Amino acid sequence: MLYCLSQLPQYPFQGVTIMSELRVRFAPSPTGYLHVGGARTALFNWLLARKQGGTFILRIEDTDVERSTKESVDAILEGMKWLGLDWDEGPFYQSDSFPLYKEYVRKLLDAGKAYKCYCTSEELDAKRNLAMQEGRKPKYDGTCRERADQPEGQPYVVRFRAPQGGVTAFDDLIKGTITFPNEELDDLIIQRTDGTPTYNFCVVIDDATMRITTVIRGDDHVNNTPRQIQLYEALGFPVPQFAHVPMILGADKARLSKRHGATSVISYRDMGYLPEALLNYLVRLGWSHGDDEIFSSEEMIQKFDIGNVGRSASVFNTEKLNWLNAHYIKTGDPARLAGLLLPHLSAHEVTTLNGPDLMAVVKTLQERAQTLEEMAERAVFYYNAPVSYDEAALAKFDKELLLAVFAAVTEKLASAPLGDVAGIDALFKEVCTENSWKMGQVGQPVRIALSGGTQAPGIGEIVVTLGVDETIRRIQKAREHAAGK
RNA sequence: GUCCCCUUCGUCUAGCCUGGCCCAGGACACCGCCCUUUCACGGCGGCGACACCGGUUCAAAUCCGGUAGGGGACGCCA
């Protein structure tokens, strides 16, 4: 029965918001970069909005003035933009709405639905520790809940007077019905001693005033949901739908964190991943559409269904991301890839000014690189002629053979007009038959001469890309190297 | 400790709602073979899972109960 709701792909909001337009939001707190978990949450929100013609709102939750930074905000926006997750409204900043929150705190206070609490954090900490030690749930004991006196000039926090007894339940779009006994929930603080509002309260006010219809957020917020629902009800706001997406874990099944390697979206860009690859990887983490693996943005939008998101956490697997990235590099537009490759090339001290056409270079490397970084590494030899050779590989051939091969190839190349890849390949075959050499005896030495090593594109591709003149120059150099041994 | 959630190949997952088509399908990784002048790409094949125990049923990965394991939350952080 729990599945019924989520198994109606076309009508996920049937009977609840059927008339109103979908409004979703991504609400990161600017205390770090946009990490892959956040990016996936943003993606699911974006997908649903785009699919249903709804509105995607970006809201920055910066009520913690201490830890929020402008740099983090910029980093988050940069990550969103790189992934192509465009938003329709915002970014809104919670720090701009403090007066609004205060107003609602006032309302709850006036209505007796909230009260001032004069307990100090030291007292609270002590009680909490004691409760934990005794194996009880560490919840506020309600000391100030019914107190009549209001000590003048004493610092206080404002607590929400939570309903006691009964249960608070909701139908999660991903997890099904979740029920909490109200006795598990204590009177949460909605305003701090310094007068600033707290997270759970701001979220409710914002989601309500922004008319959010569906809250899609991380799994770690499930426990906050019943308290928020109680606030919605106390405030007289309609309760939105909730969808809690499972966490992303590291290989050791612990929550993904820096020690598992890169978690920042931007660091994936810098390592040479394509945004469409990361997006594709992220959408398949916890969600699937039959046996499909490759999704363009359009296909994701078309096929996405929040009800098909899995209920369990998933492990982030770089191998699969690599495969996806290789796929998009393989099928990508060479001109675009060339542009994206530039920064990686300069990191390897390569200038493309005096060398082969970069787009031609990219074409020879598309099937050979998993990341742009790897492609850059493999492209270096095109622009910087080898200064040393893979001696171990060279040692497999006699000095005499080497010299003969280099001479024959040079001669053949010099006498023939520059052809296409097939033409050059044919030319090498001729050299082989004319001298009774095997292709391995010719191709490998030439490859080493041209690239310095043994791992490179096909000989024909290299020669055509490099040009005959440069090819001959490099073979000549290798010939001298071989002669000197 | 208390509460909430989760559990299909090493990993991502299909199937579960509507039991039989599933001695469980696909993908990544891994192994082997083929292609091949290197490295790759590609093709073919292999390895490999229903956490466990009971129950219901002619029949259970699918329904019910329990157990174990994992994760999350428990803050004047978000």
Side-chain angles (χ1 to χ4, degrees), chain A residues 1-4 6-7 27-31 61-64 66-68 117 119-121 124-125 128 131-139 155 157-159 172 175-176 178-181 183-186 188-194 196 198-200 202-203 218-226 244 246-247 249 251 253-255 281 284-294 310-324 326 330 365-370 378 393 425 428-429 432 438-448 451 453-460:
Chain A
M1 188 186 50
L2 306 190
Y3 306 102
C4 295
S6 54
Q7 294 297 73
S29 59
T31 53
E61 313 225 311
D62 57 349
T63 48
D64 184 352
E66 295 282 297
R67 298 196 304 157
S68 301
C117 170
C119 299
T120 65
S121 35
L124 261 18
D125 283 347
R128 188 160 32 240
M132 286 275 224
Q133 271 175 19
E134 293 178 353
R136 286 178 292 116
K137 176 119 182 154
K139 45 178 279 193
V157 298
V158 177
R159 281 183 188 275
D172 192 277
K175 303 208 174 232
I178 300 178
T179 307
F180 286 84
E183 62 176 296
E184 290 299 325
L185 280 13
D186 61 0
L188 87 159
I189 293 171
I190 59 177
Q191 186 180 87
R192 304 184 182 96
T193 309
D194 64 4
T196 57
T198 57
Y199 168 75
N200 278 113
C202 299
V203 168
D219 213 339
D220 46 340
H221 287 288
V222 169
N223 294 274
N224 289 327
T225 307
H244 288 96
M247 311 258 81
L249 312 176
K253 305 253 183 170
R255 186 186 193 139
Y281 179 70
R284 277 287 288 105
L285 204 54
W287 174 80
S288 61
H289 183 270
D291 288 339
D292 299 349
E293 293 290 348
I294 305 293
R311 291 185 293 267
S312 53
S314 21
V315 174
F316 191 89
N317 180 221
T318 312
E319 299 292 341
K320 188 146 188 181
L321 206 209
N322 286 344
W323 174 72
L324 247 5
K330 229 178 301 170
L365 263 15
Q366 278 181 283
E367 291 197 337
R368 297 177 163 80
Q370 288 198 312
R378 285 164 170 261
D425 283 344
F428 272 81
K429 288 217 170 66
C432 285
K438 290 198 186 297
M439 197 40 144
Q441 294 176 291
V442 178
Q444 199 67 334
V446 172
R447 173 171 297 102
I448 296 168
S451 73
T454 60
Q455 300 185 11
I459 288 294

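Just so it is clear: chains get the letters A, B, ... in the order the sequence lines come, proteins before strands, and each one is counted from 1. In what follows, every heavy atom counts, from backbone to side chain, and hydrogens, waters and symmetry copies are set aside. Owing to the predicted nature of the structure, the values given are computational and were not obtained by experimental measurement.
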**Message:** Applying side-chain hydrogen bond (donor to acceptor under 3.5 Å, both in side chains), can you list everything that pairs with A:Asn223, at least two apart in sequence or on another chain?
**Reply:** none
**Request:** Please name all residues satisfying salt bridge (Lys or Arg N to Asp or Glu O under 4.0 Å) with A:Lys139, sequence neighbours left out, ordered by chain then number.
**Result:** none
**Item:** Who pairs with B:U36 - Watson-Crick or G-U, where each distance is under 3.5 Å
**Value:** none
Nucleotide N/O of nucleotides 65-68 of chain B paired with protein N/O under 3.5 Å:
none

**Asked** Is there a donor-acceptor pair under 3.5 Å between the side chain of A:Thr198 and the backbone N or O of A:Ile189?
**Response** yes
**Prompt:** Taking only residues two or more places apart in sequence, or in another chain, which ones meet A:Asn317 in a side-chain hydrogen bond (donor to acceptor under 3.5 Å, both in side chains)?
**Reply:** none
**Request:** Mind calculating the distance between CZ (A:Phe180) and P (B:C5) to the nearest angstrom?
**Result:** 7 Å
**Message:** My understanding is that only residues two or more places apart in sequence, or in another chain, count here; which of them pass side-chain hydrogen bond (donor to acceptor under 3.5 Å, both in side chains) with A:Ser312?
**Reply:** none
**Message:** Could you work out, with salt bridge (Lys or Arg N to Asp or Glu O under 4.0 Å) as the rule, every residue matching A:Arg368, not counting sequence neighbours?
**Reply:** A:Glu461
**Complete:** pair_partner(B:G20), Watson-Crick or wobble, both distances < 3.5 Å, evaluates to B:C58
**Message:** Please name the nucleotide paired to B:C41 by Watson-Crick or G-U wobble geometry with both distances under 3.5 Å, or report none.
**Reply:** none
**Prompt:** With A:Glu293, which residues qualify under salt bridge (Lys or Arg N to Asp or Glu O under 4.0 Å), at least two apart?
**Reply:** A:Arg284, A:Lys320
**Item:** Watson-Crick/G-U partner (both atom distances under 3.5 Å) of B:A73
**Value:** B:U2
**Message:** For the backbone of A:Lys438 and the side chain of A:Gln441, can you confirm whether one donor and one acceptor N or O come within less than 3.5 Å of each other?
**Reply:** yes
**Request:** Would you check if there is a donor-acceptor pair between the side chains of A:Arg447 and A:Ser451 at a distance under 3.5 Å?
**Result:** no
**Item:** Mate of B:A51 where both pairing distances stay under 3.5 Å, Watson-Crick or G-U
**Value:** B:U67
Report, one pair per line, the protein and nucleotides 47-49 of chain B atoms (nitrogen or oxygen only) whose separation is under 3.5 Å.
none

**Prompt:** Listed by chain and number, what are the ring-ring contact (aromatic ring centres under 6.0 Å, His included) partners of A:Tyr199, not counting sequence neighbours?
**Reply:** A:His221
**Asked** Mind checking the P distance from B:G26 to B:G1? Whole angstroms is fine.
**Response** 42 Å
**Item:** Contact pattern, 5' to 3', of nucleotides 21-43 of chain B - B, S or - by protein heavy atom under 4.0 Å
**Value:** ----BBBSS-------BBBBSS-
**Prompt:** Could you run down nucleotides 71-78 of chain B 5' to 3' and tag each one B, S or - for protein heavy-atom contact under 4.0 Å?
**Reply:** SBSBSBBB
**Request:** Mind checking side-chain hydrogen bond (donor to acceptor under 3.5 Å, both in side chains) for A:Thr225 and listing every partner two or more places apart, or none if nothing turns up?
**Result:** A:Arg217, A:His244
**Nearest-Å distance for atom pair CG/C1', residues A:Asn322 and B:C12** = 14 Å
**Complete:** Given the 90°-from-0 boundary between syn and anti, B:C53 should be labelled anti
